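Let me begin by presenting the structure, written as structure tokens, before commenting on it.
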Amino acid sequence: MLNDEVSILFTPMKVLTSVYNFFRPRIIGMIVAFLFLAVILVSVFFTSWPSVEQIPQNVADQSNIEGIGVLIFTDFVVPFEILSIVLLSSLMGAIYMAKGDGNQ
Amino acid sequence: MDLMLLAPELTLAVTGLAVLLIGLFLPVGAKKMLGYLASLGILVALALTVSSLGTEATMFNDTLSIDALSQFFKIVFLVVALLFAIASIKYTEGNSHTEEFFSLGVFATIGMMFVASANDIMVLFIAFELASLATYALAGFEKSNQKSLEAAMKYFMIGSLSAALLLFGISFIYGMTGTTSIPAIAAGAGNLVTNPIGLVAVVLLVAGFGFKIALVPFHMWAPDTYQGSPSVVSSLLAAGSKKMGIVAAFKVFIVALIALQAEWQMVFAILAVLTMTYGNVVALSQTSVKRMLAYSSLAQAGYITMAFVVLTPMALGGGILYALSHGFMKAGAFIATAAVVYMVLSENRDVEDPDHLDNFKGLGKRMPVTALSMTIFVFALAGIPLTAGYMSKFVLFSSTIQAGFVWLAVIAILNSALSLYYYARVVKYMYFIPTDAGKVSEPLPYTIALVIAVIGVLAIGFWSEPFVYWAMEAAKVLIPGGM
Amino acid sequence: MIPVELYIGLAAIIFSIGLYGFMTQRSGIRMLMCVELMLNSANLNLVAFSSYNADLTGQVFALYSIALAACEAAIGFAILMAIFRMKDTINLDTFNVLRW
Amino acid sequence: MAIGDLAFLIPLLPALAFVLTFFLGKKLPNGGAIIPIAAITISFVISLLITMNLLQNPEEVINQSYSWFAILNIGVLVDPLAAVMLTMVSLVSLLIHIYSVGYMSHDRSQSRYFAETALFTASMLGLALSDNILQLFICWELVGVCSYLLIGFWYEKPSASSAAKKAFLTTRVGDVMFLAGIVILFSDLFRIFNGTIPDGVYILRFDEIFTHIPEIAAMNANILGMEVSHITIITLLFFGGAIGKSGQFPLHVWLPDAMEGPTTVSALIHAATMVTAGVYLVARTFPMFMAAPSSLLVVAYLGAFTAIFAATMGIVMNDLKRVLAYSTISQLGYMMLGLGVGAAIGAEAVGISIFHLINHAFFKALLFLCAGSVIHAVGTHDMRQLGGVAKVMPITAVTMIIAAFSLAGFGIPDTIFGFSGFFSKDPIIESAYLFGSSSGMWIPYLLSITAALLTSLYIFRLVFMTFFGKPRTDYGGHESPASMTVPLSILALLALVAGALTRTTFYEFVSETFVNDFVQMDIPALADIGGYHLASHAGHEPMLILWMPLIVAVAGLLVSYLIYGLKVVNMDSLVSRNNPVYKLLYNRYYQNAIYTDFLSVKVIYEGFAFAGHAIDRGFDWTVNWISDLMIESGEALRQFQTGVIQTYATAVIAGVGLLIVLIKVVMEVI
């Protein structure tokens, strides 16, 4: 009898507590993320984006691989080359950091 | 297109690869020569850059541009890298991974140099990432030391967050202008001004670059990372990588997004005041010298940021000159700290805080050259006359007043007066507080690096004319109109 | 034709989810996943703009940034491995010797 | 080769001596004292020759400028003002160096001492012969750094290192104002030239600045609703720098603490080098002050206030050196007052002020060196433990008394009889009277004449307590060696006769400063810019005014004799008499007479002094409070840095979000 009363009293409390425990460490993160999202979304929807009338539909060949390939080796060859150094150095850094036992 | 203009970068790339490959075949004892090799490569690159001074060209379909600004910053980066490499010779002694250390350092320098000469946001972003990725591993180089690892982790996490913010911002710029080329963005920025997304993009970009420059509130990784990383790496981060953020911001904001001037001027005004005040006030109560230097470099970043607010050619010249001076001063101060840390650790391996202020007691007697150079660096950072710090502050502050930003100059001058307190404390510990410990021999590589930095600091202080002129030339690239 | 705002809005939502996760997760691996989420939402933006502007630059940029994301993941996991080896955990919020 | 071509050697030789002594000093006898002494001797000879030459040919101003970079230069300017400064600084510094050989002979780090004092002298000499304000500022900062090193010379003592820090930080407040003044001046001049500066024109040179005074005066800034001329702002900021360096109220707090260094350093700081820099700065830029009457008013009032304020502090101190320290502050107040009354008497103000500066340098150096001699011999600076020192140290006592008479200003008006202090202080008080009669503002005069009374009171109190009467403790002691007494005698001679001999020539000579071909200043015209007129000159003050300074000086002497001299003498005679009735009678009578006198005087001046002391403590406390506040807010702010990576990320993202909102709102509002 007493037990029932207690459980009736405390079940909503338990729920609330668990909700509270879920939110407490996350609440600041949530607020900040929502603030950020709201700011971005408002700005996005109040912006008139420049866009072409109709997305070009090349029925014969849907692929733009060729265009990208040409660009990579003409206009944007410098970033491509820098990327090679990036890959090398991150490879080196990753292997060094992941290897066991520092000094041996 | 003259490929010789790319020679410094190519030299460095070859040096980095050569260090890596040769290191594979050397026994641990002989790996010392890798440091010499890397220093030599950087020196050659420096010579090549200096020899091509004054040329102007664009290369590779306008994705790279060589002009006074990029040359100036390339030289800043190379000088810092040189100091870093020389000082690291002693630091890496006896380490079996010397080759990784030096080639990562050299690759990071390449990244910084490409940022300086980028004329396309894509190049700029990827080079920016190159400099970041290479230094992540450097910051965690002592991977069995928890502090170093923690420094690397924080640097990496906040770094990748900033990279994401930066890329997100760039995507908006691209969306509104339909191009990634910096001059073309400047031409088509009209859309950005009239739409709210322009402001969002500006703030996202400020956050991305502010991470590198360490502006409040994007600075929080900086004190931890500078304190935890090996001191020589801190010198590269504080003196080199920070300047990369500044030159990137110069290019993106002043050249590409000049149409949004009103917005980002205000952002930078707020951040400059916050950054210099926060940095100076928090530095007052630090007991770790590296952490103190980290906060002081926040403050210095705040002063440099004033150039964005004032935006006259003279202020920009002052900011650019400050970047050079700060390179010498901060790199020197960190290397001096590195020498002390080395000394402390070689006496006792298990010291908790080798860079604690207490270890600087009586340094004037124990390590006279290091102590004297440290004194010069901190006085230069405080802006005592006849040093580089004073000259750059003078040019920057007087241009600020001249442009009518008296309130900003007052805040900056008050701040720089405040900063003297914690700098003088280091000097007090070094010269006024005696210690029982005896004199120790100072490692030669550290001493050489310190002497180079001292010469740089004093040269800019005494014989400022060429440097000021040179910085003004670089500033003209940003604002071609002149006065 | 779907308005471009929807793509950008989607990217913004994904980005914010990434941010939320980055701020609240304790595990290093989850934080890295959130970083990937953010980078990819930016890629989504780039590709969307690229096709709506009829300009391939954005797609090239997206390709490059995917490569960069891979590099970042590599270094990030390597650092996490080093942390795991030292502390037997990858909960990053306990990792705060350096502060104040 | 003319002697003027060697002018650049004057600061360079001591600087060189600094380097040599620093590196070689340890290996030489006496810490290498011979190097700076030789260097400063040569500097002194060169300065003296230049001064002689200038005296005969006043138009031969030495002026050499070399381009430093862009529109700034380094240069040498020796006009009469600089020449007398150089001669005085090098002479006093030379004597102090010679004296230090004996004084510092027991110290372990002699070579460091001599190296630092050489640098100190070099920077002061460099300051005096700068021909542009930037170079002056650089030397000014160097002087500050050297004083930091020297005050903290005995760094083992915590009080010394905290005094050094206090000196550095307090003067730094002034330096910041000075720098701000230079920066504003620079940007104003830049604007006047419209940004295009012809080759060979260095805009921060004094002549260039003075030429443009009218334009600068025409610029106005709106501060709190008031239109304030730029020249007023600049001069007030310069004066702010001078307040810090010259220990004027309220930035005087560092000067008494600066006693922690060796006594010779105090002598150097108080007499020749550091504190005079502030007065020199105001004198150097005097034409600018002429065009800014409100700044001059501030200078006059603050100077007069400092003079009396510090004098009240002087009468309650029991530490030999502290009395002298407050006396320096008080005398510097007189110098500032002398400059401040320029609104009434024009360029002559510089003459009388600098004349007092020079004479003060001689007798204050003498006072300090005598005090040092006493301290060296007896090992204490508490006056209550001394007494009767004259018997053991006759030379010191005689020189000290000469210095005291000079400081108190004994002399007979309108004759050549008098100590040098009289001939320099008297004109300042007279000018203050003139200032009062022409403008109706009598406060500076009243303050200055009261301060003269107090000056005489505290210095004779010191003399009576220290040198006469019976020893209160068993201190031993002996006369100092010749290397110490010879400089004392030379300085005593100067304190005795220098004033009388050089008075008239000096004023004429220094007034040449502003009318030669380097700067052709029309002082009355400057006054017109400031919107006021000079008073017609002096000579017909009432007789009483002329005699007033002497009267108060004698009064001060008598009072202190009654209190501190006679009391002791009577106690002596009391003991010697054996007649109990007479003893009782005499004793009662004596006690009555003295105690009523004593109490009334004591109440008056202790009241004064207590107020002064309270204000002094107040400022001390404020200085400490601000630094504590800063450090504590640093402690609080650093708590943000939690070390948890998620917090950092939150800060970054919240920063982005808030910045966007904030800027958006601000843009909408604007």
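The shown structure was predicted, so the numbers you read here are calculated from the model rather than taken from an experiment. Residue numbers start from 1 in every chain, and the chains themselves are labelled A, B, ... in the order their sequence lines are given, proteins ahead of strands.
Qualifying side-chain contact (heavy atoms from CB on, under 4.5 Å) partners for Ile28(A), counting only residues two or more places apart in sequence or in other chains: Val32(A), Thr650(D).
Across all non-hydrogen atoms, the minimal contact from Ala12(C) to Ile40(A) is CB-CG2, 3.5 Å. Pairing each heavy atom of Asn64(A) with each of Gln59(C), the nearest pair is ND2-OE1, 2.7 Å. The nearest pair of heavy atoms linking Lys99(A) to Arg85(C) is O-NH1, 3.3 Å. The minimum heavy-atom distance linking Met97(A) with Ala82(C) is given by the pair O-CB, 3.7 Å.
Both the backbone and the side chain of Leu37(A) come within contact range of chain C, judged by heavy atoms closer than 4.5 Å. Only the side chain of Leu41(A) comes within less than 4.5 Å of a heavy atom in chain C; its backbone stays farther off. With a 4.5 angstrom heavy-atom cutoff, Phe80(A) touches chain C via backbone and side-chain atoms both.
Residues of residues 62-77 of chain C placed with any heavy atom under 4.5 Å of a heavy atom in chain A are listed by number as Leu63(C), Tyr64(C), Ala67(C), Leu68(C), Cys71(C), Ala74(C), Ile75(C). Using non-hydrogen atoms only and a strict 4.5 Å limit, the part of residues 13-38 of chain C facing chain A consists of Ile13(C), Phe15(C), Ser16(C), Leu19(C), Tyr20(C), Met23(C), Thr24(C). Proximity to chain A among residues 39-47 of chain C is not found for any residue, judged by heavy-atom separations below 4.5 angstrom.
Atom OG1 in Thr57(C) sits 4.0 Å away from atom CZ in Phe76(A) (nearest 0.5 Å).
Of the listed residues (Ser89(A), Gly67(A), Ala94(A)), the one with the most heavy-atom contacts under 4.5 Å to chain C is Ala94(A). With chain C as partner, the option from Gly69(A), Gly93(A), Ala33(A) having the largest number of non-hydrogen pairs under 4.5 angstrom is Ala33(A). In terms of non-hydrogen atom pairs under 4.5 Å with chain C, the most contact-rich of Phe34(A), Phe45(A), Phe36(A), Trp49(A) is Trp49(A). Taking chain A as the reference chain and counting heavy-atom pairs below 4.5 Å, the highest number among Leu56(C), Leu6(C), Val4(C) is found for Leu56(C).
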